[in-house]
Participant: 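Take this structure first; my questions come after.
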Amino acid sequence: MSIEPPADAAAPQRNPKAPPPGERTTSHYEGCRGCGDVPGSLRVRSWVGDDGVSVISRFDVLEEHQGAPGLLHGGMLMTALDDALGTAYTQVTRSAVTARLETDFRRPVPVGSTLWLRSRVDALVGRKIYVSGEAHLGELDGEVAGTARALFLEVGVEHFLRHGRPEDLEALGASREVIEAARTAR
Ligand SMILES: CCCCCCCCCCCCCC(=O)SCCNC(=O)CCNC(=O)[C@H](O)C(C)(C)COP(=O)(O)OP(=O)(O)OC[C@H]1O[C@@H](n2cnc3c(N)ncnc32)[C@H](O)[C@@H]1OP(=O)(O)O
């Protein structure tokens, strides 16, 4: 299935409730293994770009992210890109989930290096959010180590209530009745 936005797609507009340029963005969820501050997380940190729509993210590549000897695992780079692109959409719209993620691995990434990712929403069409980004080695204009394009689909809170683990949802404040209602709704 294609993730090429149609030529007449609407240009993204900044959500007025999004944080201003330069400010740190909040994580998707504290338990997120991309950006949450929990064991096993890549601890990707993101800031709003100067234009107020793009997002700059930092990923420090550690021993535990290794695939080949001394080199970053490709799946970890995809996770970092998914997280960064998934933060970019929060500048323009509500919650969404990744429907498709395409990644090109352009350079090996040594353990001990820092990746700087730049991502932005390219277009919005109904619930479809087209996002792209690049991961640069060492600095924001460093060599491109990987690129990604993704399609996110906007979803309501019912998506998480219906599919998430009840104990995690309850810890976020959702009542058992609300969770049950979301699960039985058509
Ligand atoms: C308590 C609250 C907690 C809140 C926590 C917030 C946390 C935030 C978390 C952030 C997490 C961060 C990131 C994460 O980790 S997200 C985690 C990884 N992603 C997922 O788990 C998503 C799993 N997939 C789904 O749930 C469904 O498939 C979704 C919702 C995506 C679509 O199912 P839905 O039934 O809704 O839609 P549809 O199937 O009618 O399709 C609609 C349209 O889209 C087109 N299409 C669909 N797929 C593709 C594709 N692959 N390529 C190209 N096109 C595709 C499709 O052709 C159609 O087009 P058209 O015919 O209309 O033109």
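The structure displayed is predicted, hence computed values, not measured ones. Whatever order the structure lists ligands and atoms in, that order sets their numbers, starting from 1.
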Participant: Taking the side chain as every heavy atom from C-beta outward, state whether Leu101 and Met78 have any atom pair closer than 4.5 Å.
Facilitator: yes
Participant: Among Leu81, Val55, Ile56, Asp83, which residue meets the side-chain contact (heavy atoms from CB on, under 4.5 Å) test with Leu117?
Facilitator: Leu81
Participant: Distance from Leu151 atom CG to Ser132 atom OG, nearest 0.5 Å?
Facilitator: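 So the gap between those two atoms works out to 12.5 Å.
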Participant: Short question: side chain of Arg127, backbone of Glu154 - any donor-acceptor pair under 3.5 Å?
Facilitator: yes
Participant: Which protein N or O atoms sit under 3.5 Å from any N or O of ligand 1? Give each pair with its distance.
Facilitator:
from: ligand 1; atom 1: 19 (N); to: Thr98; atom 2: O; distance (Å): 3.0
from: ligand 1; atom 1: 36 (O); to: Arg127; atom 2: NH1; distance (Å): 3.2
from: ligand 1; atom 1: 36 (O); to: Arg127; atom 2: NH2; distance (Å): 2.7
from: ligand 1; atom 1: 51 (N); to: Ala99; atom 2: O; distance (Å): 3.0
from: ligand 1; atom 1: 59 (O); to: Lys128; atom 2: NZ; distance (Å): 3.1
from: ligand 1; atom 1: 63 (O); to: Lys128; atom 2: NZ; distance (Å): 2.8

Participant: Restricting to pairs with a member in residues 29-44, which pass side chain to side chain donor-acceptor pair (under 3.5 Å), not counting sequence neighbours?
Facilitator: Asp37-Arg43
Participant: For the residue pair Gly74 and Phe105, what are the closest heavy atoms and their distance?
Facilitator: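 Minimum heavy-atom separation between Gly74 and Phe105: O-CE2, 3.3 Å.
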